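No experiment lies behind these values; they were computed from the predicted model shown. Counting starts at 1 for both ligands and their atoms, in listed order.
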Amino acid sequence: MHTPIISGSGLWTPEHIITNEELVESFNAYAATVSGLAPSSVEFVEKASGIQRRYVVDKQGVLDPGRMKPRIEERPDQEWSIQCDISCAAAREALEQARCPADQVDGIVVGCSNLQRAYPAVAVEVQKALGCRGWAYDMNVACSSATFAMCNAVQAVQTGFARRVLVINPEITSAHLNFRDRDSHFIFGDACTGLLIEALEGSAAAVPWQILGCRLATQFSNNIRNNFGFLNRCDEEHANDPDKLFRQNGRAVFKEVVPLVASHLQSHFEELGISSVRRFWLHQANRHMNDFIAKRVLGREATLEEAPVILNEFANTSSAGSVIAYHRHRDDMEVGDTGVLCSFGAGYSVGSVVVRRLR
Ligand code: CO8
């Protein structure tokens, strides 16, 4: 069996930022035209979620109260698609950090909550655009798409099925967020992350992070849903219902997912025989959720150093969240330190990947 490592990470961030103030102003302009719809508030958003702003691929379209969705032009088939473009940007940074030429990559897994088309797979397009060999496929486990994709990559590397696999998470959440929904209009942001997972033997990485173990779990729930799909056009009456966008029962998600994730992490650490974890790169959906999860696992409040927060800047970027936290908050860790990337979300789904700094 080969030793799997993360040898590089990359992050693509859109150029547009929407602050809570701007988002709430737009929502309230819309709400003023709908009888019975209460206004949103900046204070609520920040207090309930910890989110202060988010990056989006298009700002104007989202903030226009007459539109409230991003303007993203359809591209001709001959051009790289938007998800391919942002995937390549994140992947190139990861490859550069790993000191790995693109033609040495054997496999690509693109995992995210919303794929822009059914086929050809975005991953295969990325493979062509980057000049990688081997195979590529897309997958979707909502917010857990990154950790589940990492697990696939780890197994491929361990068994020798592939030497190097790129895991990429192009999350354009703003296109499937209902900006007219008071309960959730502030929750999401756009970003794309990339990781190179490869065998330690033969890697040129300056700072390899050994992957000690992956653990995945799912449990069916209707509390987070998005009913968008290819069958929608077969029922014209319901084709444009708001439930074809993201919706959730946020309170129930909060209550049910916190204990699920905490016990998932505890059993994963036990299984690996790990007693001390220096860093928790948690999924970034809600600040309080992360505080509760870390507290349950540690038996005390976690510091910001132990459980870093990026959702104040990015909001919930779905599967990219825990990878952004890892990408931004790991350089200060010592050789031998252990950390965990952990995702949770729709499904429900929970994924954890435990890593240790090797050099
Ligand atoms: N402004 C002002 N007040 C508001 C607003 C608002 N915008 N929204 C609600 N309120 C009010 C309510 O009316 C309510 O008032 P009252 O008490 O008088 O009835 C009060 O605030 C409390 O409402 P809630 O109970 O709804 O508020 P919470 O404290 O529960 O906070 C949260 C709401 C922030 C949504 C919180 O429940 C939460 O974060 N839950 C967890 C969410 C989560 O983790 N979801 C994961 C989903 S992501 C995923 O899995 C991937 C899917 C990816 C899809 C990407 C496509 C977009």
Quick one: side chains of residues 242-250, donor-acceptor pairs under 3.5 Å with protein atoms, not counting sequence neighbours, listed by atom name and distance.
residue : atom : partner : partner atom : Å
D243    : OD2  : N227    : ND2          : 2.9
K244    : NZ   : H238    : O            : 2.9

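With respect to the salt-bridge test (charged N to carboxylate O, under 4.0 angstrom), the residues E313 and R54 do not qualify. Taking a cutoff of 4.0 Å between a charged side-chain nitrogen and a carboxylate oxygen, E271 and R215 qualify as a salt bridge.
Looking only at heavy atoms of the protein, atom 53 (C) of ligand 1 is closest to S113 OG, 3.4 Å. For atom 43 (C) of ligand 1, the closest heavy atom belonging to the protein is Q248 OE1, 3.5 Å. Atom 12 (C) of ligand 1 has its closest protein heavy atom at R182 NH1, 3.9 Å. Nearest protein heavy-atom contact of atom 31 (O) of ligand 1 is A48 CB, 3.8 Å.
In this structure, atom 48 (S) of ligand 1 has protein heavy atoms in its sub-4.0 angstrom surroundings. For atom 18 (O) of ligand 1, no protein non-hydrogen atom is found at a distance below 4.0 Å. There is no protein heavy atom less than 4.0 angstrom from atom 14 (C) of ligand 1.
A cation-pi arrangement, defined by a distance under 6.0 Å to the six-membered ring centre and an angle within 45 degrees of its axis, is absent between R182 and F27.
You'll find the side chain of N232 stays beyond 4.5 Å of the side chain of D235, heavy atoms only. With a 4.5 Å cut-off on side-chain heavy atoms, Q219 and L260 count as touching.
Ligand 1 has no N or O atom lying under 3.5 Å from any N or O atom of T173, backbone or side chain. Considering backbone and side-chain atoms together, R251 places an N or O closer than 3.5 Å to an N or O of ligand 1. Inclusion of S41 in the set of residues having an N or O under 3.5 Å from an N or O of ligand 1 is warranted. No N or O atom of F188 sits closer than 3.5 Å to an N or O atom of ligand 1. In terms of polar-atom proximity, H176 is not counted as a contact of ligand 1, lacking any N or O under 3.5 Å from an N or O of the ligand. At least one N or O atom of G250, backbone or side chain, sits closer than 3.5 Å to an N or O atom of ligand 1. Looking at ligand 1, you won't find any N or O of S49 less than 3.5 Å from one of its N or O atoms.
The aromatic ring centres of Y55 and H16 sit 6.0 Å or more apart. Taking the ring centroids of H185 and F179, they lie at or beyond the 6.0 Å cut-off.
Looking at D106, its side chain never comes within 3.5 Å of a backbone N or O of G134 through a donor-acceptor pair. For S203 (side chain) and A199 (main-chain N/O), no donor-acceptor pair under 3.5 Å exists by modelled atom type. Between the side chain of R296 and the backbone N or O of A262 there is no donor-acceptor pair closer than 3.5 Å. Judged by distance alone, the side chain of E171 and the main-chain N or O of D190 form no donor-acceptor pair under 3.5 Å.
Applying the 4.0 Å criterion to heavy atoms of N286 picks out, from ligand 1, the atoms 34 (C), 36 (C), 38 (C), 39 (O). Listed by number with element, the atoms of ligand 1 under 4.0 angstrom from any heavy atom of I224 are 46 (C), 47 (C), 50 (O). Interface atoms of ligand 1 facing C143, defined by a heavy-atom separation under 4.0 Å, are 48 (S), 49 (C), 50 (O), 51 (C), 52 (C). Applying the 4.0 Å criterion to heavy atoms of N316 picks out, from ligand 1, the atoms 48 (S). Residue-ligand proximity, D183 to ligand 1, at heavy-atom distances under 4.0 Å covers atoms 8 (N), 9 (C). Heavy-atom contacts of G345 reach the following atoms of ligand 1: 50 (O) (cutoff under 4.0 Å). Using a 4.0 Å cut-off to heavy atoms of M289, the atoms of ligand 1 that qualify are 41 (C), 44 (O). Counting the atoms of ligand 1 from 1 in the order shown, those under 4.0 Å from a heavy atom of S318 are 51 (C), 53 (C).
The residue among F344, F254, F44, F179 with a heavy atom at the shortest distance from atom 6 (C) of ligand 1 is F44.
The CD atom of E46 sits 10.0 Å away from the CZ atom of R287 when rounded to the nearest 0.5 Å.
Heavy-atom separations between N114 and ligand 1 include at least one value shorter than 4.0 Å.
Counting heavy atoms closer than 4.0 Å to ligand 1, residue A346 contributes atoms from both its backbone and its side chain. By the criterion of a heavy-atom distance under 4.0 Å, the side chain of A285, and not its backbone, is placed next to ligand 1.
Residues L265 and S352 approach most closely at CD2-CB, 3.8 Å, considering heavy atoms.
Classification of the F292-F254 ring pair by plane angle, with boundaries at 30° and 60°, yields perpendicular.
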